Structure formats: C-alpha cells, structure tokens
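Let me begin by presenting the structure, written as structure tokens, before commenting on it.
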2 protein chains.
Amino acid sequence: MAAVDLTTHPGHLARRLQQAHHLLWNTMVSEEITSPQFAVLNTLVAEPGLDQRTVGERVGLDRSTVAEVISRLTRRGLLDKVRDPQDGRRFLLRLTDDGVRTHRKLTVRTARMNQVFLAPLSAEEQTVFFDLILRVADAAEGLRNPAEPLVTQA
Amino acid sequence: MAAVDLTTHPGHLARRLQQAHHLLWNTMVSEEITSPQFAVLNTLVAEPGLDQRTVGERVGLDRSTVAEVISRLTRRGLLDKVRDPQDGRRFLLRLTDDGVRTHRKLTVRTARMNQVFLAPLSAEEQTVFFDLILRVADAAEGLRNPAEPLVTQA
DNA sequence: GGCTGTTAATCAGGGCACTGATTATTTCAG
DNA sequence: CTGAAATAATCAGTGCCCTGATTAACAGCC
C-alpha cells in the first residue's frame, strides 16, 4: 500500500529518456550503428591512435563494453586495431576510410535527430537541461573515485 | 576533423546519467534487486493482479524485457504468476509476502539514494530537472504512436 | 460451427552494461 | 637481474533492452 511515484525517481526518468532516445535514433539516424558506437567513432575522429581503455574513458564505457563495441566496429571494417610497438599490451585504434565516411554521414543525421528530440524545450530550457543532467552525472561519478588521498595510509 | 561535442547530445547524457544512477543504486540500494525490478514490484504493490503486458506499460518496459524481469522476480520468490481463469492468455501477477517486505525495505533505501543523487541540485532545480526530462521523454514516446485515442484531460 | 483478426506471452537474435577473474606485458623496487 | 605490483585487454557470468517471428487463446462475423 506504500507505492511510490516513479516520476520523481531520477533513475527511472533516466531510463525512460534513454529509451525514448533509442527509439528516435533507430528511426532517424541508423539501424546499424548505435549511439555508443557513434560515440567511439567520434572520439577517434578527434584523437586517432588512442588505445581501448582511453576511448572508454572518453565516452564513458567500461573496459568490457568498450571491447565489445570496438570488436563490432572492427568486424564491420570501420576501425583498425594495431598492436602498439611501444607497449605490447595496448592496441592503437584508428578509423578506416569507411569509418570516416560513416561518421560524417551520421553526424548530419544525429544533429537532425537532436533537434527533433529537444523540440519540446525552448533554447534556454535546452541549456538548463544539459547543465542539470551533466551536474548530476558528474557528481555521481565523482563519488566513485573519492578524492584520492595524497598521503596514503592504507 | 569534424568531431562533435557529445555533452550537447541528449542521448549521450541520458546514457551517462543512467550509468551514474546504476552505480549509486548498486552501492546504496541493492546488489540483488535492480531498479527496473523495483519498478515492477512497486507497480504491483499499487495494483495487484495486473497482467504482464500492463505492468510493462506502467513502468516503460517492452514485452520481452518485462518477461525476463518477471521471470527473475518469480524465481526469487518475490512474485506469483497465476493463469487468469477469465482469459487463458494472461497471467495475473501478485507479490508474495517476501516481495512486499523487499519492496518496503528498498523504498526506504531508494529515497535515501535519490537524495544523494540529486544533492547537487537545489529544490527548484530538481523540479525543473524532472519536468524537462519528462517532457522530452513523453514527446519522443508520442512520436511512436502518432494518433492515439487521447484522453484529453478529464 | 468455422474464419479471421487481435491479443498475451514466448522465443530467437543482437547489442549495451556491469563485476570479478585471468592473461600478457610493462614497470619498478631491491 | 629478478620478483612483485601495475596495467591493457580478454573472458565468464548476469541483467537490461529492442525487434521480428511464433504460439496459444480469445472475439466477432458469416
């Protein structure tokens, strides 16, 4: 008898927001390339030659997920993986020509989709929307790595 | 050369927000019961005897996902499934005593977690946060079913 | 009664996301 | 130089999430 109103639960709202986004992405951007895959491509356009771990850090994907995403992109020929001659643990990642083309094409469509997605909000509201979400997400991520104590006494 | 700033992409932000939430949920609420599972329990506290499809509608889970979530809750003995004598296609869902107890316990913890999660925002900002996300999500969901028999405000 | 269409649930298949354990390589202390 | 800690990547296991196809049951129409 003590049911809660889920519309005041940020986690629930975040999930619904993501689902709504997924729906729109699928219809307006691509059924092949997903949003996380696009994020990886985008990062490698900006910084070619990153390793897997760093890519994950940039786009907010953990080590396992980023490995799967990269393996899919590689399988589709959008990405090249080369062993780092300087450090045999690492793979250096780089877009193929096809990867670059795909990124360019999706960038346009993504911009269009974002417009539709955010259409219910005024320009000022959109700014607030980004700001609030970013602040909440950043703060929660900060809780994971509490300020590293410089003087360690473990 | 034409990399995009992902912090102005609502889909990317939604994903990051959900990940941050997941992290906090795991540490502050439960490692056993997930947020979607809690949403299902919560719905059945409010409306016992719903069928699977309706539960999915209430919490925003599609038919396949809701089936998995319910099967997990049933396996843990938090939920009972009974064939509807009125309609042999349906299963009627109801919490067990253990399910009710679990829901009660998690309700308290969830409230605490939400406070921590939203702490970076002032009270007014929290209201805006809910409002903006809800409006965007609702609008996008509305695009899926263009012409529904709208119940325009009673 | 039988046809047809709809609906609840399941199944097959793909992708995202996390944790904990393992492997290979590098780095650093002694 | 050598063994121990750290690091990049992979693997195993679980759970969420979606679409499209299938199965079983209901409902209306002739």
Side-chain angles (χ1 to χ4, degrees), chain A residues 11-12 14-27 30-40 50-57 59-76 81-93 140-141 144 152 154, chain B residues 11-12 14-27 30-40 50-57 59-76 81-93 140-141 144:
Chain A
H12 184 70
R15 186 168 59 77
R16 283 195 49 205
L17 186 65
Q18 218 197 340
Q19 280 169 202
H21 175 261
H22 180 263
L23 185 67
L24 215 56
W25 180 280
N26 246 345
T27 62
S30 170
E31 293 185 347
E32 313 285 318
I33 307 295
T34 65
S35 172
Q37 287 173 19
F38 175 73
V40 168
L50 287 185
D51 66 308
Q52 210 167 289
R53 193 196 61 75
T54 308
V55 170
E57 203 173 273
V59 300
L61 293 174
D62 73 304
R63 63 208 192 291
S64 287
T65 305
V66 88
E68 292 179 33
V69 171
I70 284 175
S71 121
R72 280 177 208 115
L73 291 172
T74 306
R75 211 166 50 218
R76 289 180 198 195
K81 248 173 107 160
V82 184
R83 191 63 86 169
D84 184 348
Q86 246 68 81
D87 184 340
R89 290 168 300 183
R90 263 194 267 267
F91 287 97
L92 303 182
L93 304 170
E141 276 167 20
R144 186 213 283 273
T152 57
Chain B
H12 184 70
R15 187 169 61 76
R16 283 196 48 205
L17 186 64
Q18 218 197 339
Q19 280 169 202
H21 174 262
H22 181 263
L23 186 67
L24 215 56
W25 180 281
N26 245 345
T27 63
S30 170
E31 293 184 346
E32 313 286 317
I33 307 295
T34 66
S35 172
Q37 287 172 17
F38 175 74
V40 168
L50 286 184
D51 66 309
Q52 210 167 289
R53 193 196 63 74
T54 309
V55 169
E57 203 174 272
V59 300
L61 294 174
D62 73 303
R63 62 209 192 289
S64 287
T65 305
V66 88
E68 292 179 33
V69 171
I70 284 175
S71 122
R72 279 177 208 114
L73 292 172
T74 307
R75 211 165 51 217
R76 289 181 199 196
K81 249 175 107 159
V82 184
R83 192 64 83 172
D84 185 347
Q86 246 69 90
D87 185 340
R89 290 169 299 182
R90 263 194 267 268
F91 286 98
L92 304 183
L93 304 170
E141 276 168 22
R144 187 214 280 273

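Bear in mind the structure is a predicted one, so any value in this text is a computation, not a measurement. Chain identifiers are assigned alphabetically (A, B, ...) following the order of the sequence lines, protein sequences preceding nucleic acid strands; residue numbering begins at 1 within each chain.
Of the two residues near DNA chain D, B:G60 and A:E68, the one whose nearest nucleotide lies more 5' is A:E68. Each of A:T65 and A:D84 has a nearest nucleotide on DNA chain C; the 5'-most of these lies closest to A:T65. DNA chain C is contacted by both A:L61 and A:G88; A:L61 maps to the nucleotide lying nearer its 5′ end (nearest heavy atom per residue).
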Check the interface with nucleotides 1-3 of chain D: list each N/O to N/O pair with the protein under 3.5 Å, or write none.
none

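Checking side-chain atoms of A:Q19 against main-chain N and O of B:G60 turns up a donor-acceptor pair under 3.5 Å. At least one donor-acceptor pair under 3.5 Å links the side chain of B:W25 to the backbone N or O of B:I33.
Backbone-only engagement by B:R75 is indicated by non-hydrogen atom pairs under 4.0 Å involving sugar-phosphate atoms exclusively. The residue A:R16 sits apart from the nucleic acid: no heavy atom pair falls under 4.0 Å. Residue-level contact check: A:T34 touches the backbone only, with heavy atoms under 4.0 Å from sugar-phosphate atoms and none from bases. Residue-level contact check: A:R15 touches the backbone only, with heavy atoms under 4.0 Å from sugar-phosphate atoms and none from bases. B:D51 comes within 4.0 angstrom of the backbone, heavy atoms only, and of no base.
B:N26 and B:E31 get closest at one heavy-atom pair: O-CG, 3.4 Å. Minimum heavy-atom separation, A:V59 to B:R15: O-NH2, 2.9 Å. Contact detail for A:E32 and A:R76: the closest heavy-atom pair is O-NH1, 2.8 Å.
Between the CD atom of B:Q19 and the P atom of C:dT19 there is a distance of 10 Å, rounded to whole Å. Rounded to whole angstrom, the span from the CG atom of B:L23 across to the P atom of C:dC18 amounts to 9 Å. When rounded to the nearest whole Å, the span between CD1 of A:I70 and C1' of C:dG15 equals 15 Å. B:E32 has its CD atom 15 Å from the C1' atom of C:dC18, to the nearest Å. With rounding to whole Å, B:D62 atom CG is found 14 Å from C:dG13 atom C1'. Atom P of nucleotide C:dA8 and atom CG of B:L93 are separated by 13 Å, given to the nearest angstrom. Between B:R90 atom CZ and C:dT6 atom P there is a gap of 17 Å when expressed in whole angstrom units. The distance from atom CD of B:Q52 to atom P of D:dA25 is 15 Å, rounded to the nearest whole Å.
B:L61 CG to B:R53 CZ: the interatomic distance, rounded to the nearest 0.5 Å, is 13.5 Å. Note that the CD atom of A:E141 and the CG atom of B:L17 stand 9.5 Å from one another [nearest 0.5 Å]. In this structure, the separation between CG on A:D84 and CG on A:L92 is 4.0 Å, given to the nearest 0.5 Å.
For C:dA8, neither phosphate oxygen OP1 nor OP2 lies less than 4.0 angstrom from any side-chain nitrogen or oxygen of B:K81. The side chain of B:R76 places no N or O atom within less than 4.0 Å of a non-bridging phosphate oxygen (OP1 or OP2) of D:dT14.
Scanning atom types as modelled, no donor and acceptor separated by under 3.5 angstrom connect the side chain of A:S64 and the base of D:dT10.
Checking D:dA25, D:dA6, D:dA21 against every side-chain atom of A:R89, the shortest atom distance belongs to D:dA6. Closest to the side chain of A:R53, from the set D:dA9, C:dT6, C:dA17, is D:dA9.
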